[in-house]
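Hydrogens, waters and symmetry mates are skipped; everything else that's a heavy atom, side chains included, is used. Just so it is clear: chains get the letters A, B, ... in the order the sequence lines come, proteins before strands, and each one is counted from 1. Just so it is clear, the structure is predicted and the values come from calculations on it, not from any experiment.
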There are 2 protein chains.
Amino acid sequence: MASLSDISRHAGVSIATCSRVLNGSDHPVSEATRTRVMKAAEELGYAPSALARALVTRSSRIIGVIVADIVDPYFAEIARGVEEVGAGMGYMTMVCSAKAGTEAELSHLRQLRDYHAAGIVFAGSGRHNDPSAHELADAVAEAHHRGAVVVALAQRDFDAPRILFDNEAAAHDITAHVRDLGHERITFVDGPEGLHTSVLRRAGFTRAGGRDRIPGGFAYEDGVRAAETLLARDELPDAVVAANDEAAIGVLMRFREAGIDVPGEISITGIDDTRPARFVGLTTVTVPLHEMGRRAAHAVLGGPNGGDVVLPHQLAPRATTRARSARSDRRSTAPTPTAASPRSPG
Amino acid sequence: MASLSDISRHAGVSIATCSRVLNGSDHPVSEATRTRVMKAAEELGYAPSALARALVTRSSRIIGVIVADIVDPYFAEIARGVEEVGAGMGYMTMVCSAKAGTEAELSHLRQLRDYHAAGIVFAGSGRHNDPSAHELADAVAEAHHRGAVVVALAQRDFDAPRILFDNEAAAHDITAHVRDLGHERITFVDGPEGLHTSVLRRAGFTRAGGRDRIPGGFAYEDGVRAAETLLARDELPDAVVAANDEAAIGVLMRFREAGIDVPGEISITGIDDTRPARFVGLTTVTVPLHEMGRRAAHAVLGGPNGGDVVLPHQLAPRATTRARSARSDRRSTAPTPTAASPRSPG
DNA sequence: TTGTACGCGTTATCAA
DNA sequence: TTGATAACGCGTACAA
């Protein structure tokens, strides 16, 4: 409640001097008055107004992170990284959900600008043929111009340093891994339509020799649907590579519900290694989400430093994949009676 | 970039008038000048400074939500609820992680106050014998005094309206449900030591006739450890009721890894019904996390309205529980050879 | 209906 | 080493 002028009056010192001692200014102040001011501040319970400070400094200690959905562990992990290092430096983190798309991102960006946010982190991927992409790019440029540091944690269509991992390579590597396990007929469950990240992951799958693809998404239900698509076919593939963990888990659960043995009959993998992946023992690709968040925060704290950064990813083989040789091959040997039956639930 | 004075100059109108038309003031303004101002604002791309506005109004359109860990789906769900209705009303949501405890909460509270946050939502539970509880209570009182609306979404030791569900009843109901399934020997995996929520849930278990309890926590690893404690005993219980979903999943996974059939040999349940619970088909209690977040936001938007609210919870029977009669009873019939063997993995 | 002027709490410049 | 004082951008009595 107490303001600088209160302190000033209480200590019998000018308001300017109070400001100097109360905020690590390099301006010299005599030890005597310094203690006087400190004491007054202590007694009156002085707390600087972040608002007033930001108004004059033209920069608040606020970091905005724009995500699609904070409930999605992918984004939560990023947000936590940002918050972690931000809080350590006295910054507050604003989390903005933009599930609605670029339009919502734009409005959040503007709002963040109105608060003179020191930095803005775009956690999600951009989309193809985005009608408001240009408008967003302009707004980003303006925010940058006004001193805000903008960082992108995925493929984006505006000018900002990127801190990311190689989506294409991640998808390639997990596909190759499955292939190395001896699986030939591999189906890829696509990510959301139009997302750059989806395109990248699909490309990785293709480069690794994958051919079969079916529509999917990043949500559990998308995975369930994809599994049903597969179940409706005459024959199941050897393995399913889903565009992300949550979809993979959807596939996994639907298959198990249908009585399919995973990984006995079919292998399933995801990408991202979010917490739920560990819970279900999903083979996936560990991706530096938390570290990306941390680095993004460091980027805004340290000012716009340098160009893009590509962080490493890593295979995380777990319990939903198995080498083909290690299981009863349904094709090279005569089909057993049990080979067809499991697909009907109950 | 353009400020009110810019508009004022551009439109040849006083700065006060500009303010009046640009912020739905009820002060009368002639239609002529109104359009003049609007046009100028449009041309110069006027955006009000949230900072300056907050400074003079003594209240920013910021809602702070203090959670233990945003990666925890329990809190993410709450945060999303807050953000959802907040964003709809032009408010920004600050998410603060206070994993470190009350000390961290206190520092976040202070920071939020420095930004003149309109409201502060405490998502997590308080703890017993908390050394800084009193200090926090004082800070909360001060924040309240300064016009901020403070809401608690769990048991707390300070004065603030509460929006919550009945933890005791939730634990009681799930335990009773398991009991109704015919299970007698039920073990409760405790929540984190010292948390009010832990005490409440434990009490519910006890009231439902439960007796056996083992140490646990709210994390996956805690559940894994609890499972190992159980595996080390001579005999497994009929069912395990864990203090929350994540611990339950830890128990579940460890048991399955040990070759135990869930729910064939043992039933497992959680509390909260977070997303991962659905992923693994965990029987649990659905709890109004999202709605609590939404209501909390409404509470801060509508000012301090009324007293505590207790929202309903609901049983969510799924695939990790089974009626005792429906499975081979290991005790009333002669033990079969397969009854003992599953416990050794591999 | 419009304009003037003060205050919100800081930082920063310039004198003293 | 210290102190006035002008911004920062806005809301709002009060006056015109």
Tell me whether the side-chain N or O atoms of A:H27 pair up with the base of D:dT2 as donor and acceptor below 3.5 Å, since no angle test is needed here.
yes

Yes or no on side-chain contact (heavy atoms from CB on, under 4.5 Å) for A:I66 and A:I120, after CA distance, side-chain angles and deciding distance?
CA-CA 7 Å; A:I66 300 178; A:I120 298 162; 4.0 Å; yes

Per nearest nucleotide of DNA chain D, the residue lying toward the 5' end, B:S5 or A:P28, is A:P28

Interatomic distance where CZ belongs to B:R146 and P belongs to C:dC8 [whole Å]:
13 Å

Let's see if you get this right: which residues in residues 47-56 of chain A place a heavy atom under 4.0 Å from DNA chain C?
A:A47, A:P48, A:S49, A:A52, A:R53, A:V56

Nearest to the B:A16 side chain among D:dA4, C:dC8, C:dA5, which nucleotide is it?
C:dA5

Would you mind classifying the nucleic acid contact of B:S19 as base, sugar-phosphate or nothing, using non-hydrogen atoms under 4.0 angstrom?
base

Answer yes if the ring centres of B:Y115 and A:Y115 are under 6.0 angstrom apart, and no otherwise.
no

So, does A:T57 get its side chain near the phosphate of C:dT11, meaning an N or O under 4.0 Å from OP1 or OP2?
no

For a quick test of reading the model: is some side-chain N or O of A:Y46 closer than 4.0 Å to OP1 or OP2 of C:dT10?
yes

Would you jot down, in residue-number order, the residues of residues 29-42 of chain B having a non-hydrogen atom under 4.0 Å from DNA chain C?
B:V29, B:S30, B:T33

Atom NE2 of A:H116 and atom C1' of D:dA7 are separated, to the nearest Å, by 14 Å

For atom CD1 of B:I7 and atom P of C:dG3, their distance in whole Å:
15 Å

Pair A:E42, A:M38 - check side-chain contact (heavy atoms from CB on, under 4.5 Å), show working.
CA-CA 6 Å; A:E42 179 67 29; A:M38 298 285 263; over 6 Å; no

Closest to the 5' end of DNA chain C, once A:I15 and B:S14 are matched to their nearest nucleotides, is B:S14

Check the surroundings of atom NE2 in B:H128: do more than 12 heavy atoms from other residues, nucleotides or ligands lie under 6.0 Å from it?
yes

Return the value, rounded to whole Å, for the distance between atom CG of B:L22 and atom P of D:dT12.
14 Å

Separation of C:dT11 P from A:D26 CG (nearest whole Å)
13 Å

Using a distance-only test with no angle check, is there a side-chain donor-acceptor pair under 3.5 angstrom linking B:S3 and B:S5?
yes

Just to be sure I understand the rule, does A:R20 reach a base, reach only the sugar-phosphate, or reach nothing, if contact means heavy atoms closer than 4.0 Å?
base

Between B:F122 and B:F158, is the ring centroid distance below 6.0 Å?
yes

If you compare all heavy atoms of A:A296 against all heavy atoms of A:L153, which two are closest, and at what distance to 0.1 Å?
CB-CD1, 4.0 Å

I need the CG-C1' distance between A:D114 and D:dC8, as an integer number of Å.
15 Å

In whole angstrom, what separates A:R58's CZ from D:dC10's P?
11 Å

Salt bridge B:E83-A:K99, side-chain N to carboxylate O under 4.0 Å
no

Any B:N23 side-chain nitrogen or oxygen under 4.0 Å from OP1 or OP2 of D:dC10:
no

Name of the residue among B:E142, B:E105, B:E135 meeting salt bridge (charged side-chain N to carboxylate O under 4.0 Å, His left out) with B:R110
B:E135

Which of these, B:R36, B:K39, B:E43, sits in a side-chain hydrogen bond (donor to acceptor under 3.5 Å, both in side chains) with B:H10?
B:E43

